[in-house]
Amino acid sequence: MDFEYVYSAEQDSFRREAREFFDARVPTDRRGPVDPESLDDDTFAYFREVHREMGARGWLYPTYPKEYGGGGMTADHEMVIEEEMARRQIPKHFSNGLVLPSILVWGTEEQKKRFLIPLLTGEETCYQTFSEAHAGSDLAAISSTAVRDGDDWVINGHKLFITGIREPDLMYGPFVTQPDGARHHNMGYFLIPYPTPGVTLTRMTLMNGPGQLFINFDNVRVPAGNLLGGDDEGWQVAATTLEQEHGGRGAAFSPDEDTQELLAYVRDTKRNGVAIGVDPTVRLNAVDNYIESQIHRLLETRNFWMYVTKREMTYHGAQSALWRKEFKVRNAIREATIMGPYALLDHTDDAPVAGGSPEVRQRRNVAWTHPGGTPEIMRLIIARRLGISRTRERAAPTPSTATSHTG
Amino acid sequence: MDFEYVYSAEQDSFRREAREFFDARVPTDRRGPVDPESLDDDTFAYFREVHREMGARGWLYPTYPKEYGGGGMTADHEMVIEEEMARRQIPKHFSNGLVLPSILVWGTEEQKKRFLIPLLTGEETCYQTFSEAHAGSDLAAISSTAVRDGDDWVINGHKLFITGIREPDLMYGPFVTQPDGARHHNMGYFLIPYPTPGVTLTRMTLMNGPGQLFINFDNVRVPAGNLLGGDDEGWQVAATTLEQEHGGRGAAFSPDEDTQELLAYVRDTKRNGVAIGVDPTVRLNAVDNYIESQIHRLLETRNFWMYVTKREMTYHGAQSALWRKEFKVRNAIREATIMGPYALLDHTDDAPVAGGSPEVRQRRNVAWTHPGGTPEIMRLIIARRLGISRTRERAAPTPSTATSHTG
Amino acid sequence: MDLALNETQLMLQSMAREFLANEVPKTSVRAIDESATGFSAELWRKIADLGWSGMAVPEEYGGTGNSLTDLGSVFEAMGEVACPSPLLAQVLAAHLVLGVATLDQRATLLPVIAMAERLFAVAITEPEYGWGAGAVQMRGVIDGDQVTMSGTKMFVPYAEVTDDLLVLVRTGDGATPEQGLTLVKVERDAAGIDVRRHQGWFGEPVCQVTFADARADVIGVPGEAWPGVEAALDKTVVLLSAFMLGGTQAALDMSVEYSKTRMAFGQPIGTFQRVQDLIIKALNDADAIRWTTYEALWKLDEGREDGPLAASMAKAVASEG
Amino acid sequence: MDLALNETQLMLQSMAREFLANEVPKTSVRAIDESATGFSAELWRKIADLGWSGMAVPEEYGGTGNSLTDLGSVFEAMGEVACPSPLLAQVLAAHLVLGVATLDQRATLLPVIAMAERLFAVAITEPEYGWGAGAVQMRGVIDGDQVTMSGTKMFVPYAEVTDDLLVLVRTGDGATPEQGLTLVKVERDAAGIDVRRHQGWFGEPVCQVTFADARADVIGVPGEAWPGVEAALDKTVVLLSAFMLGGTQAALDMSVEYSKTRMAFGQPIGTFQRVQDLIIKALNDADAIRWTTYEALWKLDEGREDGPLAASMAKAVASEG
């Protein structure tokens with residue numbers, strides 16, 4: 001066994017290259033905000049441009065094929081880039097990139113060229129438009145429609161809780177093509193440019209900030225070429241997306257700033273002359289926080305290892321996602337227990353703890369149990385994959401396991 | 001509001017009478033064993049006789065009608081007796097008395113006379129025979145049968161996990177009378193004397209001791225008069241029993257020896273010269289133990305108050321039972337966390353803590369999540385009573401809410 | 001034994017619910033919470049007109065001398081709609097004056113509190129916070145019946161909009177941390193006082209209050225405030241639990257209702273055991289808060305020795321849920 | 001990065017599973033657990049014949065010098081069937097001798113441990129127990145290369161059936177509790193030693209051992225045993241975690257299987273979300289134990305500085321599940 005990811009000479013050299021680029025390109029006082037949802041226009045525009053430059057080098061999506069605008073590199077390169085970006089607190093691309101594997105698996109050659117290239121090069125951003133008011137956990141219950149009209153599809157309905165900090169260039173998601181069709185075989189998966197006449201975006205005001213949208217579709221026309229997969233295969237195309245979203249890929253690198261900040265707080269804080277860590281209940285909360293974060297790192301490491309060694313993953317992605325959603329909430333409670341009222345002071349206060357990031361976690365870690373499937377949905381998937389549910393299912397095809405379905 | 005149960009002059013006088021009886025009758029060194037399931041023959045016989053004498057005074061089942069051998073007294077008298085018995089560590093009757101409300105509600109006058117009198121006077125003991133190997137939580141799935149043959153019913157099958165420390169005089173439970181009948185309408189509720197030819201008892205060896213039985217029925221004949229309710233009403237008769245078992249009646253008096261023992265241990269124990277309570281994690285565990293026990297006391301108090309004031313109870317009984325089943329397990333874990341390995345030394349060890357009762361709790365509190373319905377079944381009942389389940393149900397009739405169904 | 005609210009309490013609670021349904025709809029709660037000060041003078045005036053600010057004040061001082069349980073039944077109703085108001089601070093002020101002040105001061109202050117002629121905020125917590133007497137370290141120097149004090153109090157509810165501040169300061173050192181604490185009263189606009197609202201907090205507005213040689217009036221006996229402060233906190237904290245009970249019960253009721261109507265996978269989500277278990281957890285929380293809270297209120301009303309223990313338990317149960 | 005067991009470990013584990021399936025059926029586990037001593041000399045002989053008692057002993061001392069991860073793969077298999085044996089005590093003895101003893105003592109003792117010619121039990125815990133060096137208070141007086149000691153050790157696994165005892169005693173007082181501790185070896189039958197099995201414990205047999213002026217041989221340098229003892233405990237405790245991993249995984253597998261076949265309300269109980277959630281909890285526990293345990297074994301094998309931290313974490317995760 002060997003739990004350490006060992007960098008090759010080639011990786012070390014690539015790291016130098018990446019570090020030089022970021023050091024030269026981004027001044028050290030340029031970084032993402034403590035609360036990603038409070039990103040200001042200037043910072044957004046600045047990093048949007050950085051992303052374009054990264055995209056031009058293939059660094060935005062390093063492992064995607066070069067011919068479609070990716071880096072054609074290995075997962076190792078991706079890891080190096082992620083580490084260097086995290087080191088400098090440079091925000092990741094502002095897209096929800098979960099469509100990318102679906103395009104790669106299900107797209108025609110023409111679609112791959114047309115849609116992947118601007119996304120992978122960072123010229124465009126995309127948002128995932130899945131949930132509807134009456135179709136959250138039960139995504140198959142969506143009712144927004146796409147009706148064929150000549151060479152076009154005409155889209156009507158709405159999507160909400162759409163994560164996106166500004167406005168996208170492209171939206172993607174399933175729409176019902178056959179209202180009377182069988183469940184899971186009655187929808188198509190559409191790629192919808194923005195702006196397009198009939199699409200309106202409204203920002204939602206939620207506990208975790210203004211980063212989510214309500215999107216209305218009123219007779220929106222897209223050409224037939226914007227349908228990904230067959231017009232009854234939308235569910236299957238979405239499944240490829242969701243497989244990624246549910247954590248199927250793992251990570252060799254799981255930064256753990258939340259816990260590091262808390263441990264530093266415990267180490268450095270005195271109250272009335274006494275280090276708060278002398279109280280074993282403080283230590284217990286801090287250590288439980290640490291342990292649960294370490295377990296998450298190990299589950300992610302396992303998933304990464306299984307993914308790159310092409311082992312058959314069953315419950316593993318959903319398990320890690322479930323653990324993350326739940327331990328982050330527990331850890332936010334532990335943090336508030338240790339920090340007391342200070343955990344609620346945000347970054348605009350005079351002297352917030354750790355720049356106000358604990359306050360962000362108090363709101364965000366609860367809100368973030370929802371996107372990409374609630375804990376209940378993760379449990380449902382795990383039960384299916386363990387074979388103890390009424391429904392049995394196998395993992396959906398991903399770029400790691402499938403050759404293109406249409407190519 | 002008034003949370004205190006105030007004793008009347010009459011009750012105080014009755015308490016003096018009870019205390020005098022027990023003091024005169026039971027020497028102070030005569031008490032039940034730390035582990036009820038390790039009751040020796042001598043102690044069993046001794047208290048069996050005490051129970052008979054109590055029964056003769058109507059003190060064994062004080063609130064049951066005098067005409068059937070009960071005490072014809074109030075719940076207040078019962079409370080006084082329970083308190084006095086607890087004070088002297090005198091074991092309660094060795095019956096599972098949950099059949100009693102069913103006989104009272106569903107029995108004919110003749111049945112009440114014949115079956116209630118010996119039980120209520122303590123002449124006889126009875127065991128509840130419900131569970132079968134393939135019918136635990138799903139009690140309605142029982143397959144042991146009762147077939148009418150002339151004036152008799154002929155019983156075949158088995159029951160297991162039957163709580164009973166020796167041998168009963170009477171067993172009671174549902175048996176299938178109509179194998180092809182509709183679920184919940186295919187069984188009768190039978191009262192089966194022991195010994196009866198064809199009944200064999202085998203003791204089961206379980207984690208919590210030898211106190212449970214496997215009972216086989218091989219062509220066991222009982223007369224028609226031993227059927228309680230109609231031959232398709234067994235489920236409904238059992239529901240009256242279960243309503244009690246699931247905690248419907250509450251208690252004004254919830255002794256809390258487990259927690260008191262733990263608090264005393266924390267107060268009195270030093271390790272290497274330092275009181276263990278200086279460690280906040282010890283205090284935290286002890287206080288959580290105390291709080292959860294207090295919540296249980298309050299839920300029981302509420303149920304008692306609702307019962308005696310004839311308020312409509314819905315989820316309340318199952319809620320208290322669920323809480324009890326779950327907090328007792330959590331408290332056993334807390335106790336083991338505080339006491340460490342000492343929590344595992346039993347009463348036969350040289351110097352166990354609190355006479356070895358923590359060790360009993362380590363085994364018993366897990367095992368006791370099962371009898372009378374698992375936590376999962378309690379949850380199912382609560383959901384039904386809240387009206388959020390597929391199945392809706394109302395509470396079964398109890399002596400508090402129903403007049404006799406047959407009388 | 002009687003676990004029902006009495007007629008007075010039922011009437012108080014039902015009147016409170018009617019008032020709150022009319023005057024504090026969800027939109028208005030949101031608007032007040034998001035306003036610059038987090039405070040609505042208009043709503044506070046209406047609450048005062050109902051007499052709620054006088055409930056904790058004895059009749060002889062112009063209040064209605066209600067029991068804590070009476071107050072609890074109102075706070076429960078307020079919690080149901082998350083009513084934003086400084087009532088708890090005002091009630092705490094009443095309890096503090098009753099627990100600490102001289103008879104003359106009672107006669108002066110309590111009618112003002114009861115009629116809500118002035119609003120009172122209470123400043124105890126400090127930057128290196130803690131909940132015992134030892135955590136009060138801000139210094140004051142006694143000068144006759146006044147104190148000159150400097151230092152910082154944190155997380156003070158409604159300090160930005162209050163008329164007066166009741167402040168706990170250390171004016172001496174005794175054998176125990178409980179000794180040497182003095183309660184003082186000062187106008188919020190007095191010289192040497194600076195108030196800044198904390199940012200990011202959700203819920204009631206809380207402030208940092210800085211004192212620089214601010215002069216304030218001593219309430220009660222200098223250096224001997226703690227026992228009265230502790231008793232006042234015990235009483236007030238259970239009213240906060242009653243408020244949290246209302247909120248918990250309202251969330252439970254909403255969840256039950258939603259679980260019956262929200263459909264997923266072709267059935268109401270309440271039919272899923274995972275959803276049921278979330279609701280059962282909330283049900284157990286709500287009932288645990290309810291009975292620990294009302295028992296504590298009853299014990300405090302009865303003046304039982306274990307009232308403070310019950311109060312702490314109710315607060316712990318309401319906070320952890 | 002490679003998270004798979006290597007070929008050696010896979011072979012060891014598969015041989016272990018085969019052996020255990022044949023030699024340690026459920027009935028035999030039960031019989032040994034319920035026997036008078038809780039120990040089967042016959043099974044122990046077979047385990048020794050497999051060479052498992054020598055796995056922690058370097059080749060130069062007659063063992064096979066396996067890595068901790070190798071040992072972990074065997075302990076995992078033993079845990080799967082809850083195999084009752086004193087192997088962990090024997091391995092701890094090997095680690096103690098390696099960590100504390102002089103070279104001469106190593107040469108004498110390790111081959112005996114490796115071949116299981118004698119069984120070793122380890123006595124550290126005392127009545128006023130604790131897990132740090134400070135909790136070792138039983139006194140011994142050094143007399144040349146021997147120690148005379150009196151006092152009580154508690155919860156000593158297999159002390160009733162062991163040949164030798166390794167005992168940690170306090171022979172001096174230093175600036176820190178870590179100083180002044182000496183490891184000694186004594187035959188269980190020696191004068192002044194009384195062993196009594198604890199009653200009620202489930203699992204391996206544990207004993208109270210009383211010493212009354214018992215004479216024992218010093219192992220290693222008097223007064224300086226602690227660092228070696230701590231290192232030995234770190235290593236051994238992760239093997240216990242591996243054993244618990246096996247048990248947890250076996251319980252999970254049984255639960256999954258049972259949930260597919262046990263019917264209630266007309267369907268396999270695994271289709272109920274409440275049952276699924278119990279299984280998912282066990283799945284998360286098992287995987288958390290698995291990866292914290294194997295990472296700790298790897299870190300200790302690699303001699304990493306954070307090995308002891310990882311060892312404690314693995315033990316905490318395995319114990320709390």
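Heavy atoms only: backbone and side chains are in, while hydrogens, waters and symmetry mates are out. So you know, we letter chains A, B, ... as the sequences are listed, proteins then strands, and number each from 1.
Proximity to chain B (any heavy atom under 4.5 Å) is shown, for L5(C), by both the backbone and the side chain. Contact annotation for S259(C): only side-chain heavy atoms (C-beta onward) come within less than 4.5 Å of a heavy atom of chain B. The part of L309(C) that comes within reach of chain B is its side chain, from C-beta onward, which places non-hydrogen atoms under 4.5 angstrom from that chain. Residue L297(C) does not touch chain B at all, counting heavy-atom pairs closer than 4.5 Å.
In the model, T176(C) has a side-chain atom that pairs as donor or acceptor with a side-chain atom of E178(C) under 3.5 Å. Looking only at atom types and distance, the side chain of Q319(B) has a donor-acceptor partner in the side chain of D287(C) under 3.5 Å away. Looking at S293(B) and H296(B), their side chains never bring a donor and an acceptor atom within 3.5 Å of each other. Side-chain contact of S73(C) with E76(C): a donor-acceptor pair under 3.5 Å is absent, judged by distance alone. Side chains of T69(C) and D301(C): a donor on one and an acceptor on the other come within 3.5 Å.
Using non-hydrogen atoms only and a strict 4.5 Å limit, no part of residues 233-251 of chain C faces chain B. Proximity to chain B at a heavy-atom threshold of 4.5 Å picks out nothing from residues 125-138 of chain C.
Side-chain contact between T369(B) and T374(B) is absent, with no heavy atoms from C-beta onward closer than 4.5 Å. Side-chain contact check for E10(B) versus H77(B): some heavy-atom pair is nearer than 4.5 Å. Between Y265(B) and E335(B) there is no side-chain heavy-atom pair separated by less than 4.5 Å. Side-chain atoms of E292(B) and R334(B), non-hydrogen and from C-beta on, do get closer than 4.5 Å to each other.
In this structure, A56(C) and V91(C) approach most closely via the heavy-atom pair CB-CG1, 4.0 Å. Heavy-atom minimum distance, N331(B) versus D288(B): OD1-O, 4.3 Å. Shortest non-hydrogen contact noted between A286(B) and L262(B) is CA-CD2, 4.2 Å. Nearest heavy-atom pair across G277(B) and V266(B) is CA-CG1, 4.0 Å.
Note: F161(B) and H370(B) fail the aromatic proximity criterion, with ring centroids not under 6.0 Å apart.
A distance of 13.5 Å separates CE in M55(C) from CD in Q90(C), rounded to the nearest 0.5 Å.
Of all the listed residues (F272(C), W291(C), Y294(C), W298(C)), the one sharing the greatest number of non-hydrogen pairs under 4.5 Å with chain B is W298(C). The most heavy-atom pairs under 4.5 Å with chain B, out of E295(C), Q273(C), M313(C), come from E295(C). Here L298(B) is the residue among V287(B), L298(B), V6(B) with the most heavy-atom pairs under 4.5 Å with chain C. Note on D2(B), L386(B), I382(B): by heavy-atom pairs under 4.5 Å with chain C, the leading option is D2(B). Contact tally against chain B (heavy-atom pairs below 4.5 Å) for V256(C), N284(C), N6(C): the top residue is N284(C). Contact count against chain C (heavy-atom pairs under 4.5 Å) is highest for I295(B) among I295(B), T309(B), L322(B), L299(B). Counting heavy-atom pairs closer than 4.5 Å to chain B, the top-ranked of the candidates K299(C), E302(C), Q267(C) is Q267(C).
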